[in-house]
Amino acid sequence: MLGKIGLEEHFAVEETVGHIPAGLKNAEERKKKLLDIFNMRVAEMDKYGMDLMILSLNSPAIQETYNAREAVDLARRCNDHLAECIARRPDRFRGFAALPMQDPDAAIEEMERCVKDYGFKGALVNGYSQIGSPDTAVYLDDKRYWPFWAKMQELDVPFYLHPRNPMKDQRKIYDGHPWLMAAAWAFTVETATHMLRLLCSGIFDEYPKLKLIVGHLGECVPFHSWRTQNRLNRDPRPRPFKLTIQEYLKRNVYVTTSGFCSTPALINTIAEMGVERVMFSTDYPFETVEDAATWFDNAEIPEDVRAKIGRDNARALFNL
Ligand code: MN
């Protein structure tokens, strides 16, 4: 289909382009594609019917910049660069802010600046943040972030929770199996658990209009939601959240098809969440527009469903 919109589409600047997970083939080509905005990228978009990319910085970049002042400064410069790129091709690009979660007040300020001054469409954050030392991990349900979530609700823009690898001291289960790190599996476990922490924190009860986007068809959480909820229903311990996992998924969460070109998995996600909550994405340049678009354009789904997922849901969510 023509006119596709993608929500998980990455770029890098010289300072962050080295921050990509190890083990990728064609690492040099990947770096070139991350740094390029207007040439190879637009050519791929043109060739495969993609009108618009909402661009975001590569992972983990800001989140692993554990010196908070450096994180604040780097995020600001990356967002300035992104805003300049969007201004050159507003017909093809929009942006998600990179945020220095190491300093929650600065993250609020940067979010507000990016929305109000630059018209950014939300934020994309790469999982937990290291703060003060590389051995720390602060997850986004932490109480220090609740004013940030209040601001996200007030600004009425979505928050995209993007993967990163688990902390170094939490990789025991992958010993001897380095190929299971990153997108093969470890990203999913890390990000799904982080997402469940958010859903089970009470944040979505306190800020019921918050919008959370998760890539890779929801990191298996929609598929697993019945089993998770079934056990939550039988757990007598007091807890800070009021709704069921399925209720949050259908009220607060959107997922994208980034890096996940499976029609049976897509149909399952639609069945669990509703077609309005699923949107096309490629995960460029870690995946190709060619692979994502060729799969999506030919997937055996009704044409009205393809139009919603490929374009119309994103138009509605981001007022495009
Ligand atoms: Mn990605």
Side-chain angles (χ1 to χ4, degrees), residues 4-13 16-27 29-37 40-41 44-45 50 52-64 75 78-79 82 93-99 101 120-129 140 158-166 180-195 212-221 253-262 265-266 269 278-293 295-296 309 314:
K4 289 188 289 296
I5 297 171
L7 283 64
E8 190 183 321
E9 317 297 340
H10 305 298
F11 77 100
V13 298
T16 66
V17 76
H19 295 232
I20 58 176
L24 287 175
K25 267 191 193 169
N26 309 325
E29 191 198 336
R30 209 73 51 114
K31 285 181 183 176
K32 270 190 211 146
K33 284 183 160 188
L34 278 165
L35 293 168
D36 164 74
I37 306 286
M40 289 176 279
R41 183 184 303 258
E44 268 203 60
M45 292 166 70
M50 198 169 181
L52 194 80
M53 281 188 174
I54 303 181
L55 297 175
S56 52
L57 194 65
N58 62 308
S59 176
I62 308 297
Q63 272 58 62
E64 72 175 352
C78 291
N79 291 328
L82 177 55
F93 299 117
R94 293 290 187 281
F96 283 135
L99 292 178
M101 304 310 292
F120 280 14
K121 291 298 178 185
L124 182 142
V125 168
N126 300 307
Y128 62 87
S129 290
L140 289 158
F159 180 95
Y160 202 125
L161 179 66
H162 184 272
R164 64 177 298 186
N165 270 320
L180 292 178
M181 291 297 289
W185 186 245
F187 278 179
T188 295
V189 176
E190 174 70 26
T191 312
T193 310
H194 197 169
M195 178 183 171
L212 177 70
I213 308 175
V214 183
H216 316 105
L217 291 177
E219 311 289 0
C220 296
V221 170
V253 181
Y254 299 84
V255 303
T256 73
T257 64
S258 60
F260 208 145
C261 303
S262 159
L266 173 66
T269 310
V278 184
M279 284 169 279
F280 176 75
S281 291
T282 75
D283 213 350
Y284 184 91
F286 302 99
E287 307 290 344
T288 63
V289 177
E290 177 180 5
D291 287 346
W295 162 69
F296 182 72
I309 294 174

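Order of appearance sets the numbers: ligands from 1, and atoms from 1 within every ligand.
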Inset, instruction - With Tyr160 as reference, evaluate Val125, Leu212, Leu124, Val214 under the side-chain contact (heavy atoms from CB on, under 4.5 Å) test and give the passing residue. - result: Leu124
Legend entry - For His216, the option from Thr256, Thr188, Asp283 that meets side-chain hydrogen bond (donor to acceptor under 3.5 Å, both in side chains):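 Considering Thr256, Thr188, Asp283, a side-chain hydrogen bond (donor to acceptor under 3.5 Å, both in side chains) with His216 is found only for Asp283.
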Inset, instruction - Only one of Glu287, Glu44, Glu9 passes side-chain hydrogen bond (donor to acceptor under 3.5 Å, both in side chains) with Thr282; say which it is. - result: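 The residue from Glu287, Glu44, Glu9 that satisfies side-chain hydrogen bond (donor to acceptor under 3.5 Å, both in side chains) with Thr282 turns out to be Glu9.
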Inset, instruction - Mind telling me whether His10 and His162 have parallel, tilted or perpendicular rings, with 30° and 60° as the class edges? - result: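 Rings of His162 and His10: perpendicular, as their planes differ by over 60°.
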Inset, instruction - Take Thr269 and Phe260 through the side chain to side chain contact (heavy atoms under 4.5 Å, CB included) test and state the conclusion after the steps. - result: CA-CA 12 Å; Thr269 310; Phe260 208 145; over 6 Å; no
Inset, instruction - For the pair Ser56 (side chain) and Phe96 (backbone), establish whether a donor and an acceptor sit closer than 3.5 Å, ignoring hydrogens and angles. - result: no
Inset, instruction - Could you pull out the N/O/S protein atoms under 2.8 Å of the Mn ion (ligand 1), ignoring any water? - result: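 For the Mn ion (ligand 1), the protein N, O and S atoms that sit under 2.8 Å away are Glu8 OE2, His10 NE2, His162 NE2, Asp283 OD1.
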